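One structure is given here, and the rest of the page talks about it.
Note that the structure is a prediction, hence the values are computed from the model and not measured.
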Amino acid sequence: MRKRSMIVLSFVILAVLSGGALLAACQGGDSPTPTPTATPAPAAATVVETQPSSANADAEASASDAAAATTEAGASAEQASTENQTSEAANEASGPVTLRFVSDGTEARFLIDEILMGQPKTVVGVTSRVEGEITVDPANPASVQVGEIRIDARDLTTDDNRRNNRLHNDILRSNQDAYRYIIFRPTNIEGLPLTVDIGDAFPLQVTGDLTILDTTLPVTFDMEVTVVDENTVRGSGSAIVRYADFGIRIPSVPIVAGVADEVLLEIDFTAQR
């Protein structure tokens, strides 16, 4: 039984080897040429030009028109702003202008005569601390308005410290806050010209209420005013008053033989825009 199995196995191996040789012989001989498979030609490329649609064209035109309108509107607004500024400047230049007193060129004074040690003497008291303002309309000079004028009597100074002390403590009592300022409130102006040019000088009379200590009385100042330029006005004025009318008493001093009954009040001012 074993011997028969061996014979069968040998036949199987021989058949396998014979099949392999036959396959190798078939591959080494002529073999039919394979028919080539036709490759389809590539399709022709199609070029498509993109043309803007009418909707896109309309949108672009609208955007362009809007941009142009915006630019034009901006230019119109800028022009209008410039015209408004020019108009405002013109109105300001032609309308009323307020000028205020400045310390440089402004001074208030009193002058009073006395007999000092047998010799005539004019005592002068001066201060540059003067506040005031003037409102003028170049197109209508007659409408000028002069505001309240305040003179700091505490700063009035003469050529003698002993006299200054007596002036501040006893005569004007300006060391007291209630009497520190001499105040003039204009109520009427006469002599205003109808027209004024740069460089013109003209006389005026300014009447107002003058307050010294506890008394207020009407006083008229003779003035001369000069229009220096469109931003500057200068003026000078004077008035004579009896100081006793304002309750002012000048104490007797051995070295002073006598004091005049009247005192000259003067003011110089420079008012600027």
Side-chain angles (χ1 to χ4, degrees), residues 101 103 105-116 119-134 144-160 162-192 202-226 233-253 256-271:
F101 290 9
S103 58
T106 298
E107 183 178 276
R109 297 179 297 273
F110 73 82
L111 296 86
I112 187 169
D113 294 331
E114 66 180 19
I115 303 298
L116 178 62
Q119 299 295 324
K121 178 180 176 61
T122 299
V123 176
V124 181
V126 180
T127 178
S128 61
R129 294 183 179 177
V130 183
E131 302 172 3
E133 64 181 34
I134 303 172
V144 65
Q145 296 180 353
V146 180
E148 177 182 281
I149 298 173
R150 290 160 55 92
I151 300 168
D152 190 347
R154 189 176 294 177
D155 190 61
L156 281 168
T157 305
T158 70
D159 60 349
D160 187 272
R162 289 173 299 178
R163 184 186 288 112
N164 294 339
N165 290 333
R166 175 130 336 185
L167 179 68
H168 298 153
N169 292 321
D170 301 327
I171 299 174
L172 293 179
R173 291 180 273 170
S174 55
N175 279 339
Q176 301 178 38
D177 290 342
Y179 304 128
R180 177 173 180 175
Y181 293 100
I182 295 172
I183 299 175
F184 180 69
R185 297 181 177 90
T187 56
N188 185 53
I189 303 175
E190 294 183 359
L192 287 168
F202 45 89
L204 296 174
Q205 284 190 324
V206 181
T207 300
D209 295 327
L210 180 64
T211 300
I212 304 176
L213 296 176
D214 296 316
T215 303
T216 300
L217 294 174
V219 174
T220 297
F221 282 81
D222 294 319
M223 306 284 302
E224 179 162 326
V225 177
T226 301
V233 171
R234 290 197 182 111
S236 296
S238 63
I240 296 176
V241 299
R242 288 175 53 88
Y243 56 84
D245 292 343
F246 289 90
I248 297 174
R249 184 182 66 85
I250 298 178
S252 298
V253 179
V256 177
V259 179
D261 293 332
E262 296 178 331
V263 56
L264 175 63
L265 306 179
E266 293 182 341
I267 184 171
D268 296 327
F269 70 84
T270 297

Mind listing the closest non-hydrogen atom pair of T158 and G125 along with its distance? CG2-CA, 3.9 Å
Measure the OG1-CZ distance between T211 and F246 for me, rounded to the nearest 0.5 Å. 8.0 Å
With sequence neighbours left out, write down each residue that passes ring-ring contact (aromatic ring centres under 6.0 Å, His included) with F101, or none if nothing qualifies. F269
Determine whether R163 and L116 make a side-chain contact, defined as any pair of heavy atoms from C-beta on separated by less than 4.5 Å. yes
Run the salt bridge (Lys or Arg N to Asp or Glu O under 4.0 Å) test against D268 and tell me which residues pass, sequence neighbours left out. R109
Between atom CD1 of I183 and atom CG of L210, what is the distance when rounded to the nearest 0.5 Å? 9.5 Å
Report the residues that fulfil ring-ring contact (aromatic ring centres under 6.0 Å, His included) with Y181, sequence neighbours left out, ordered by chain and then residue number. none
Write down the atom of P186, the atom of G147, and the distance for their closest heavy-atom approach. CD-O, 3.4 Å
Heavy atoms only: give me the nearest A108-L156 pair and the separation to one decimal. O-CD2, 4.3 Å
Quick one, I248 and V263 - any side-chain contact, counting heavy atoms below 4.5 Å? no
Are D214 and Y179 side-chain neighbours, meaning at least one heavy-atom pair lies under 4.5 Å? yes
Taking side-chain contact (heavy atoms from CB on, under 4.5 Å) as the definition, give me every residue that meets it alongside E190, ordered by chain and number, with sequence neighbours left out. N188, Q205
By side-chain hydrogen bond (donor to acceptor under 3.5 Å, both in side chains), which residues pair with E224, not counting sequence neighbours? none
I250 vs V256, side-chain contact (heavy atoms from CB on, under 4.5 Å): CA-CA, chis, key distance, verdict: CA-CA 11 Å; I250 298 178; V256 177; over 6 Å; no
Determine whether M223 and I189 satisfy the following criterion, side-chain contact (heavy atoms from CB on, under 4.5 Å), listing intermediate values before the conclusion. CA-CA 10 Å; M223 306 284 302; I189 303 175; over 6 Å; no
Minimal non-hydrogen separation, A260 against I112, with atom names: O-CD1, 3.8 Å
Summary of salt bridge (Lys or Arg N to Asp or Glu O under 4.0 Å) pairs that have at least one residue in residues 119-132, sequence neighbours excluded: K121-D159, R129-D152, R129-D155, E131-R150
Among pairs that include at least one residue of residues 165-174, which meet side chain to side chain donor-acceptor pair (under 3.5 Å), considering only residues two or more places apart or in two chains? N169-N175
Going from CD1 on I151 to CD1 on I267, what distance comes out if it is rounded to the nearest 0.5 angstrom? 5.5 Å
Looking at residues at least two apart in the chain, or sitting in another chain, which of them share a salt bridge (Lys or Arg N to Asp or Glu O under 4.0 Å) with R249? none
With a 6.0 Å cut-off on ring centres, are Y243 and F110 close enough? no
With T187 via side-chain contact (heavy atoms from CB on, under 4.5 Å) - residues at least two apart: T207, D209
With a 4.5 Å limit on heavy-atom distance, are the side chains of T157 and V126 in contact? no
D222: salt bridge (Lys or Arg N to Asp or Glu O under 4.0 Å) partners, not counting sequence neighbours: none
I115: what forms a side-chain contact (heavy atoms from CB on, under 4.5 Å) with it, not counting sequence neighbours? P120, A257
Locate the shortest heavy-atom distance separating L264 from S238; write the atom from each residue and the value. CD1-CB, 4.0 Å
Quick check: do L265 and F184 have side-chain heavy atoms less than 4.5 Å from each other? no
Stepwise side-chain contact (heavy atoms from CB on, under 4.5 Å) test for V241 and L217: CA-CA 10 Å; V241 299; L217 294 174; over 6 Å; no
Find out whether T215 and D245 are in side-chain contact, i.e. whether some heavy atom of one side chain is under 4.5 Å from a heavy atom of the other. no
Listed partners of D177 passing salt bridge (Lys or Arg N to Asp or Glu O under 4.0 Å), at least two apart: R154
Indicate yes or no for a side-chain donor-acceptor contact from T106 to the backbone of T270 under 3.5 Å, with no hydrogens or angles considered. yes
